[in-house]
There are 2 protein chains.
Amino acid sequence: MQLAVEVNESALTERQKDVLDAALALLVEAGDTLTMTSVARRASCSKESLYKWFGDRDGLLTATVQWQASKVRGVPLDPEAFGVASLTSGLQRFASDWLHVISGNISVALNRVAVGHAGSDKHDLGAIVLENGPFAMARRLKPLLELGRDRDLLHFEETDEAFRTFFGLVVRDVQIRLLLGDRLELTDATIERDSIRATQQFLALYGAQTKAAEGGH
Amino acid sequence: MQLAVEVNESALTERQKDVLDAALALLVEAGDTLTMTSVARRASCSKESLYKWFGDRDGLLTATVQWQASKVRGVPLDPEAFGVASLTSGLQRFASDWLHVISGNISVALNRVAVGHAGSDKHDLGAIVLENGPFAMARRLKPLLELGRDRDLLHFEETDEAFRTFFGLVVRDVQIRLLLGDRLELTDATIERDSIRATQQFLALYGAQTKAAEGGH
DNA sequence: TCAGTACCGTACCGTACGTTACGGCAATCT
DNA sequence: AGATTGCCGTAACGTACGGTACGGTACTGA
């Protein structure tokens with residue numbers, strides 16, 4: 001019980017972090033079929049320690065997901081000297097970052113286990129991944145969008161609607177295809193190109209210079 | 001072995017279809033944790049029959065996914081009397097249909113198991129769902145898009161790019177959020193509104209009357 | 001030096017579940 | 001009628017794996 005608190009407060013021993021990294025590696029290799037024994041063997045630790053530190057298998061998975069989530073904190077943006085150029089590059093950089101994340105092995109593996117456990121879970125891995133995935137993306141992006149609206153560079157009613165449209169333009173069918181096992185190689189060049197395209201499309205829909213689209217209704 | 005052939009040729013007994021429907025129901029209720037015993041009990045059949053008909057647990061899951069896929073065949077469109085109105089309504093109807101499908105309990109459950117089994121599978125449920133999900137959507141939509149381009153109502157270079165953009169505008173973050181267990185209630189009214197919005201946005205990007213966006217590059 | 005702590009390695013236990021085997025019953029065929 | 005087939009229901013088997021117990025070792029602190 002108090003162990004869960006420790007995990008939440010990131011009070012993780014170096015040894016424990018190593019164990020979670022081992023669990024991550026196994027999750028990438030074997031998916032949800034990883035066993036407590038395999039984690040113990042890979043991390044060269046005893047099963048007793050696993051249960052002592054993380055409670056049970058579910059606790060280990062939860063700690064692993066949270067451990068990975070703690071690694072990918074977002075970079076805050078500076079609101080000084082903000083113009084159409086920084087808005088564009090901000091969106092573009094954002095799209096690129098996100099595509100890199102969701103196409104990574106670890107993200108795919110984690111989303112797979114979270115999807116598999118969604119709903120029927122005490123710790124609810126789905127909620128955790130949701131919180132550190134789409135929701136975190138929204139929290140990071142919305143300030144940028146609203147700053148753009150304040151500067152009269154963007155037009156939209158609901159920030160959430162604008163965000164979700166951008167999400168769609170960026171992610172498209174990439175994530176679901178990767179999760180379903182489609183061999184979809186995203187090179188850096190492809191991601192770069194897609195980020196530019198998505199940003200341009202978003203600006204075409206919500207940019208101030210365009211009256212063509214009324215996105216909201 | 002010959003049983004797999006039977007399944008592919010849809011040579012399913014009524015009894016077997018009932019069994020697969022029971023399996024579907026259990027899949028919706030319990031996810032991938034459904035057991036052979038539970039299926040047998042729900043369908044009032046013997047386990048011996050399950051193994052005789054479907055080989056093993058994996059075969060049963062595969063047959064279940066294919067059985068559901070066979071139910072949702074797409075409706076072909078008529079290429080006569082085609083104008084901007086029918087293009088718009090076609091896209092809109094398409095978006096609405098797709099949102100209804102992916103937000104349904106069965107679709108969510110099937111995608112969950114497929115994602116969970118993706119890659120490490122002999123029958124590869126991921127590939128099956130992929131084939132009957134995004135790929136089927138693409139196959140159904142592309143003729144409509146290309147017809148629109150032929151009539152000079154749409155401008156795009158790659159049909160696939162145009163399709164994927166439409167996919168993104170329609171699905172956005174809905175599917176991943178549902179798969180991760182987010183309580184996201186899509187009412188008919190919401191779907192209707194989103195379908196219209198997605199269609200309008202797509203036309204703003206690729207419609208002939210708009211020069212604002214060059215989607216391809 | 002000796003108790004206490006932390007942890008590794010391994011052996012062990014209980015159970016759930018995939019898979020197989022078998023007895024019985026109803027229908028169909030000869 | 002007798003044989004064959006198809007299937008239900010249940011019992012039984014084997015195993016993988018989550019979880020626990022325990023002996024052994026290194027370190028720390030008195």
Side-chain angles (χ1 to χ4, degrees), chain A residues 1-7 11-23 25-27 29-65 112-113 116-117 120-125, chain B residues 1-7 11-23 25-27 29-65 112-113 116-117 120-125:
Chain A
M1 274 297 112
Q2 75 280 20
L3 295 164
V5 176
E6 286 182 14
V7 169
L12 289 173
T13 311
E14 287 305 314
R15 186 79 188 89
Q16 292 171 348
K17 292 178 185 174
D18 291 344
V19 169
L20 294 182
D21 279 328
L26 279 174
L27 225 42
E29 294 172 18
D32 201 8
T33 66
L34 96 170
T35 67
M36 300 297 280
T37 307
S38 71
V39 174
R41 190 166 44 224
R42 174 70 68 100
S44 294
C45 76
S46 71
K47 288 211 287 179
E48 188 183 15
S49 299
L50 290 184
Y51 285 99
K52 185 176 185 179
W53 292 334
F54 308 108
D56 56 1
R57 184 176 185 275
D58 234 47
L60 173 63
L61 284 177
T62 305
T64 305
V65 171
R112 286 215 179 117
V113 299
H117 287 214
S120 59
D121 223 15
K122 42 184 172 182
H123 294 291
D124 209 349
L125 296 180
Chain B
M1 275 298 112
Q2 75 282 17
L3 296 162
V5 176
E6 285 182 14
V7 168
L12 289 173
T13 312
E14 288 305 315
R15 187 80 189 89
Q16 293 171 346
K17 292 177 185 174
D18 292 344
V19 170
L20 294 182
D21 279 329
L26 280 174
L27 225 42
E29 294 171 18
D32 201 8
T33 66
L34 95 170
T35 66
M36 300 298 278
T37 307
S38 71
V39 174
R41 191 166 43 225
R42 175 69 69 100
S44 295
C45 77
S46 70
K47 291 208 279 180
E48 186 183 16
S49 300
L50 290 185
Y51 285 97
K52 184 175 186 179
W53 292 333
F54 308 109
D56 57 1
R57 185 175 184 276
D58 233 47
L60 173 64
L61 284 177
T62 305
T64 304
V65 171
R112 287 216 178 115
V113 300
H117 287 214
S120 59
D121 224 12
K122 43 184 172 181
H123 293 292
D124 208 351
L125 296 180

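Lettering follows sequence order; numbering is per chain, from 1.
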### Message
What does the B/S/- profile of nucleotides 6-19 of chain D look like, 5' to 3', with a 4.0 Å heavy-atom cutoff to protein?
### Response
-SBB-B-----SSB

### Task
Using the test salt bridge (Lys or Arg N to Asp or Glu O under 4.0 Å), find all partners of B:E29 that sit at least two apart in sequence or belong to another chain.
B:R42

### Summary
When A:T64, A:T35, A:L34 are each screened for side-chain contact (heavy atoms from CB on, under 4.5 Å) with A:L26, the one that passes is A:L34

### Task
Quickly work out the B:F54 CZ to C:dT20 C1' distance and round it to whole Å.
18 Å

### Task
Could I get the full list of side chain to side chain contact (heavy atoms under 4.5 Å, CB included) partners for B:R41, not counting sequence neighbours?
B:T37, B:S38

### Message
Could you tell me how far apart B:L60 (CG) and C:dG18 (P) are, to the nearest whole angstrom?
### Response
10 Å

### Query
Angle, rounded to 10°, between the helical axes spanning five pairs at each terminus of the helix from C:dT1-D:dA30 to C:dT30-D:dA1?
10°

### Polar side-chain atom of B:T13 near backbone of B:Q16 as donor-acceptor pair, under 3.5 Å
no

### Message
Restricting to non-hydrogen atoms, name the atom on B:S46 and the atom on B:A40 that form the minimum distance, rounded to 0.1 Å.
### Response
C-CB, 4.3 Å

### Set of salt bridge (Lys or Arg N to Asp or Glu O under 4.0 Å) partners for A:D21, sequence neighbours left out
A:K71

### Task
Would you please name every residue forming a salt bridge (Lys or Arg N to Asp or Glu O under 4.0 Å) with A:D58, sequence neighbours left out?
none

### Task
Measure the spacing between CG of A:L125 and NE2 of A:H117 and express it to the nearest 0.5 Å.
6.0 Å

